[in-house]
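For this chain, numbers begin at 1 and follow the sequence in order.
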Amino acid sequence: MRIARFSIDGNVAFGAVEGEKQDELVLDIIKGIPFADHELSGTKVPLSKVRLLPPVLPNKVVAFGRNYAEHARELGNEVPDAPFAFFKPATSVIGPGDEIQYPSFSEELHHEAELAVVIGRMCREVPRERVKDVIFGYTCANDVTARDVQKREKQWARAKGFDTACPLGPWVETELDPSDLTLQLTVNGQQRQLARTSEMIHSIEDLIVNITEAMTLLPGDVILTGTPAGVGPLNVGDEVAVTIEGIGTLTNKVVKRG
């Protein structure tokens with residue numbers, strides 16, 4: 001099931017996305033919230049009549065770096081032996097169609113296409129065999145990075161945590177095998193990144209076991225699983241699109257920060 005979060009006539013709701021052709025998609029409005037008991041209302045609205053929002057509002061976004069060997073090497077980094085985590089704040093999250101604001105303190109903004117995992121229940125110290133039980137679904141992400149700031153400051157809080165640095169969407173796919181999906185990113189229609197999720201160094205199970213050894217994850221929290229090789233610059237006016245097989249396409253435009 002594809003579950004979207006959207007606004008219509010000033011109201012915010014969740015809905016199940018139905019249909020296959022983009023211009024024929026409709027939303028069956030959900031009664032309740034997807035992380036608890038809920039049901040489909042039978043009230044349907046065309047997707048074209050709503051504004052899609054970030055599919056979840058996470059308490060935290062836990063991101064893992066250097067999880068594709070070729071990406072680690074392209075930036076001159078060693079491939080880590082263990083998962084390498086950092087955070088993006090909830091205030092960095094935006095949705096499909098929202099604008100990425102080029103930060104005033106950077107001159108080298110980069111795109112990073114990623115598969116995102118959405119957590120469905122509160123969990124801590126999750127054993128490997130129970131990881132699937134805590135996953136709600138999967139969505140597309142762009143770990144937008146101020147690369148010059150990342151290199152200069154050595155730690156990544158400002159470089160990866162600025163407002164609008166975490167586009168998510170367009171919806172969450174709850175029924176998906178994430179082990180070998182095509183992941184690609186284009187800028188103005190030109191392909192920049194292309195890989196398969198099977199190329200990850202550390203699996204989704206590895207990542208969730210690793211982070212829940214240290215902290216509690218809450219429903220709606222997001223895990224970013226790393227980006228493949230091909231990261232590169234974004235400029236004001238660019239349109240960047242992340243497409244993941246079985247999920248859909250997340251598109252955002254880069255604008256000058258006002």
Ignoring hydrogens, what is the shortest heavy-atom contact between [X] and [Y]? Give both atom names and the distance.
X      : Y      : result
Asn235 : Val254 : O-CB, 3.4 Å
Phe86  : Gly65  : CE2-N, 3.8 Å
Leu168 : Ala141 : CD2-CB, 3.6 Å
Ala241 : Thr249 : CB-CG2, 3.9 Å
Ala4   : Pro170 : CB-O, 4.4 Å
Thr145 : Lys160 : OG1-NZ, 2.8 Å

Report yes if the side chains of [X] and [Y] come closer than 4.5 Å at any heavy-atom pair, otherwise no.
X      : Y      : answer
Asp221 : Val62  : no
Thr164 : Arg257 : no
Leu224 : Lys88  : yes
Asn252 : Asn142 : no
Ile100 : Pro167 : yes
Val12  : Leu53  : yes
Val209 : Glu125 : no
Ile201 : Val79  : yes

How long is the gap from [atom1] on [X] to [atom2] on [Y], to the nearest 0.5 Å?
X      : Y      : atom1 : atom2 : value
Lys60  : Ile119 : NZ    : CD1   : 9.5 Å
Leu47  : Leu52  : CG    : CG    : 5.0 Å
Thr197 : Met200 : OG1   : CE    : 5.5 Å
Ile29  : Leu27  : CD1   : CG    : 7.5 Å
Ile223 : Leu115 : CD1   : CG    : 11.0 Å

*Can Thr139 and Leu250 be said to form a side-chain contact (heavy atoms from CB on, under 4.5 Å), step by step?*
CA-CA 9 Å; Thr139 193; Leu250 166 68; over 6 Å; no
*Could you pull out all residues at least two apart from Arg51 that satisfy side-chain hydrogen bond (donor to acceptor under 3.5 Å, both in side chains)?*
Asp98
[X] and [Y]: same hydrophobic cluster, using ILVMFWY side-chain contacts below 4.5 Å?
X      : Y      : result
Leu207 : Val56  : no
Val222 : Tyr138 : no
Ile3   : Val26  : no
Phe14  : Met1   : yes
Val134 : Val118 : no

*Checking side chain to side chain contact (heavy atoms under 4.5 Å, CB included) against Phe162, which of Leu109, Thr91, Val149 comes through?*
Leu109
*How would you list all residue pairs meeting salt bridge (charged side-chain N to carboxylate O under 4.0 Å, His left out) that involve residues 231-246, not counting sequence neighbours?*
Arg196-Glu245
Pairs in or reaching into [range]: which pass ring pair (Phe, Tyr, Trp, His ring centres under 6.0 Å), with residues at least two apart or in two chains?
range            : result
residues 103-122 : none
residues 60-84   : Phe84-Trp156
residues 20-63   : Phe35-Phe136

*State whether a side-chain donor-acceptor pair under 3.5 Å links Gln193 with Thr227.*
yes
*asked:* Taking side-chain contact (heavy atoms from CB on, under 4.5 Å) as the definition, give me every residue that meets it alongside Ala90, ordered by chain and number, with sequence neighbours left out.
replied: none
*Can you name the residues that form a side-chain contact (heavy atoms from CB on, under 4.5 Å) with Ser203, not counting sequence neighbours?*
Arg128, Glu205, Asp206
Please answer whether the main-chain N or O of [Y] pairs with a side-chain N or O of [X] as donor and acceptor at a distance below 3.5 Å.
X      : Y      : result
Thr243 : Gln184 : no
Arg124 : Met215 : no
Ser106 : Pro103 : no
Glu78  : Pro80  : no
Glu74  : Gly230 : yes

Once salt bridge (Lys or Arg N to Asp or Glu O under 4.0 Å) is applied, do any residues pair with [X], and if so which ones, sequence neighbours excluded?
X      : result
Glu114 : none
Arg66  : none
Asp133 : Arg130
Arg73  : Glu70

*Before giving the answer on side-chain contact (heavy atoms from CB on, under 4.5 Å), spell out for Val61 and Val93 the whole-Å C-alpha distance, their side-chain angles and the decisive distance to 0.1 Å.*
CA-CA 9 Å; Val61 177; Val93 172; 4.0 Å; yes
*Under the side-chain hydrogen bond (donor to acceptor under 3.5 Å, both in side chains) rule, what pairs show up with a residue in residues 11-37, not counting sequence neighbours?*
Glu18-Lys44
*Going through the checks in order, is the side-chain contact (heavy atoms from CB on, under 4.5 Å) test met by Leu25 and Arg2?*
CA-CA 11 Å; Leu25 297 179; Arg2 294 170 292 177; 4.2 Å; yes
Inspect the surroundings of [atom1] in [X] and state if more than 12 heavy atoms from other residues, nucleotides or ligands are less than 6.0 Å away.
X      : atom1 : result
Gln190 : CD    : no
Asp81  : CG    : no
Met122 : CE    : no
Glu153 : CD    : yes

*Please report the C-alpha distance between Ile204 and Thr225 in whole Å, then the side-chain angles of each, then the deciding distance to 0.1 Å, and finally whether the side-chain contact (heavy atoms from CB on, under 4.5 Å) criterion is met.*
CA-CA 7 Å; Ile204 290 171; Thr225 59; 4.1 Å; yes
_Between Arg147 and Glu112, does any NZ, NE, NH1 or NH2 come within less than 4.0 Å of an OD or OE carboxylate oxygen?_
yes
